[in-house]
Amino acid sequence: MKEKKLKKSDEYITNRVMIALAAAAAFLLGVSRLFRGLDTPTKRAASLLICKWSVAVCAAVCVVGLVWYFVSVKKGTHKENSSFNGMFLAIAAFVAMCSLCIMLYDHLRGMTLVYIFVPASAVLLLIYSVYPREVFFPCLTHSYVAFALYAMSRLEAGSLKLVLLLSALAVCALSVLMFVLTAKNHGIIKIGGKSYVMFSRNAGKKAFIGLYGATAVLLIAAFLLPAALSFYAMFIVLAYIVISIIIATIKLM
C-alpha cells in the first residue's frame, strides 16, 4: 500500500513537471516569434496589438483558474496532488502575463528576462512539488530578490530602481511576518477554512529571521553602491538557492 502511494506521488510529480516544461517551451517559442515581430518596424504595430490582447487573455485565464480553484475547494473536490488543477492554471497564466508585460515595457532587454523568468518558474514548480515548504518558500522569495537585483544592475539610479528595492525589501519583511504569525500554529496558515503548510514546525526562528535580515542588507548595499555590485549580489542569492536545494536533496535520500 505504501509503495502504491509512493508510485502515485512520483507519477503526479513527473506529470506536473512535464506539463510545466512543455508549456514553458511552447510559450518561449511563441514569445521569440513575438520578439522578432516587435523588432521589425513593419510588423511592430501588429505585434504590439497581439501582445496586448495576449496579456488580457492571460489575465482572464488567471481569473478562471482562481475561480476554479476556490469553487473546487468549497465543494471539497480540490486535489492538491493532481497533475493539473485551478491553481496550476492560474499560476501558469500569471507567469505568462508577467512575461508579456515585460515584453511590452522593453522587448529588447525584456527578452533576456523572459528567458530567465519562465524556466525559473518551472524550476520553482518542481521545488514546490518535491521539497518541503520551508525549502520552497525561501527559494520563491529569493528568486524574486535575484530578479530585483538583476533588474537593478541594468538600471541607472531612478524611481524604478527604488521601486525594485522597496518591493524586494517588502518581500523580506512579509516573509518574516508570515513566519512569526504562523509559528504558534506550527507553520500553518488558514485561508477560507483551508489549511496551508507554509513552514516546517522544525524551522529555526533565528536562522529564518537572520536569512532575511542578511538579504535586506545585501539589497540596500546593492542599491547604494555601483550597479555592478547588484549583478554580483544576484549570484550570491542564486548560490543560496542552489545550496538549499542540494542540502534538501541530500536530506531526502
Side-chain angles (χ1 to χ4, degrees), residues 11-70 72 78-131 136-137 139-151 154 164 167 171 234 237-238 241-242 245:
E11 287 177 355
Y12 137 71
I13 293 170
T14 303
N15 292 339
R16 177 171 282 194
V17 171
M18 289 301 292
I19 291 170
L21 291 176
F27 179 75
L28 288 175
L29 181 63
V31 169
S32 64
R33 292 181 66 87
L34 185 63
F35 171 79
R36 288 195 290 270
L38 290 169
D39 211 34
T40 305
T42 56
K43 298 179 180 179
R44 182 172 173 76
S47 298
L48 278 172
L49 186 62
I50 291 171
C51 196
K52 288 176 181 177
W53 274 104
S54 298
V55 169
V57 170
C58 289
V61 172
C62 185
V63 172
V64 169
L66 289 173
V67 171
W68 175 13
Y69 170 74
F70 285 114
S72 61
H78 174 70
K79 294 181 180 179
E80 186 67 30
N81 292 339
S82 62
S83 300
F84 190 80
N85 54 38
M87 185 56 72
F88 183 95
L89 178 63
I91 292 171
F94 180 75
V95 169
M97 182 180 69
C98 291
S99 301
L100 291 167
C101 286
I102 292 171
M103 293 293 290
L104 279 173
Y105 179 76
D106 185 346
H107 71 281
L108 292 174
R109 287 184 291 184
M111 192 65 207
T112 304
L113 285 177
V114 170
Y115 273 130
I116 298 170
F117 180 58
V118 174
S121 300
V123 171
L124 284 171
L125 176 65
L126 173 62
I127 296 171
Y128 176 83
S129 302
V130 176
Y131 297 97
F136 168 74
F137 194 78
C139 285
L140 174 65
T141 53
H142 280 78
S143 294
Y144 178 75
V145 169
F147 166 77
L149 286 168
Y150 175 82
R154 294 292 182 265
L164 286 166
S167 63
V171 167
M234 176 191 69
V237 176
L238 292 176
I241 295 173
V242 172
I245 295 171

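All values below come from the heavy atoms of this structure, side chains included, with hydrogens, waters and symmetry mates left out.
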Grab the two heavy atoms, one from [X] and one from [Y], that are nearest each other, plus how far apart they are.
X: Val118; Y: Ala24; answer: CG1-CB, 3.6 Å
X: Cys51; Y: Met103; answer: SG-CB, 4.4 Å
X: Val171; Y: Tyr144; answer: CG2-CD2, 3.8 Å
X: Ala93; Y: Cys62; answer: CB-N, 3.6 Å
X: His142; Y: Val237; answer: O-CG1, 3.2 Å
X: Tyr115; Y: Leu28; answer: CD2-CD2, 3.8 Å

From [X] atom [atom1] to [Y] atom [atom2], the distance as rounded to the nearest 0.5 Å:
X: Phe27; Y: Ser121; atom1: CZ; atom2: OG; answer: 9.5 Å
X: Tyr69; Y: Leu89; atom1: OH; atom2: CG; answer: 14.0 Å
X: Leu34; Y: Leu48; atom1: CG; atom2: CG; answer: 8.5 Å
X: Lys43; Y: Leu38; atom1: NZ; atom2: CG; answer: 11.5 Å
X: Ser99; Y: Ile116; atom1: OG; atom2: CD1; answer: 11.5 Å
X: Tyr150; Y: Leu238; atom1: OH; atom2: CG; answer: 12.0 Å

I'd like to know whether CZ of Phe94 has more than 12 heavy-atom contacts from other residues, nucleotides or ligands below 6.0 angstrom. no
Can you check whether [X] reaches [Y] side chain to side chain, under 4.5 Å on heavy atoms?
X: Arg33; Y: Ser47; answer: no
X: Ile19; Y: Phe88; answer: yes
X: Trp53; Y: Leu100; answer: no

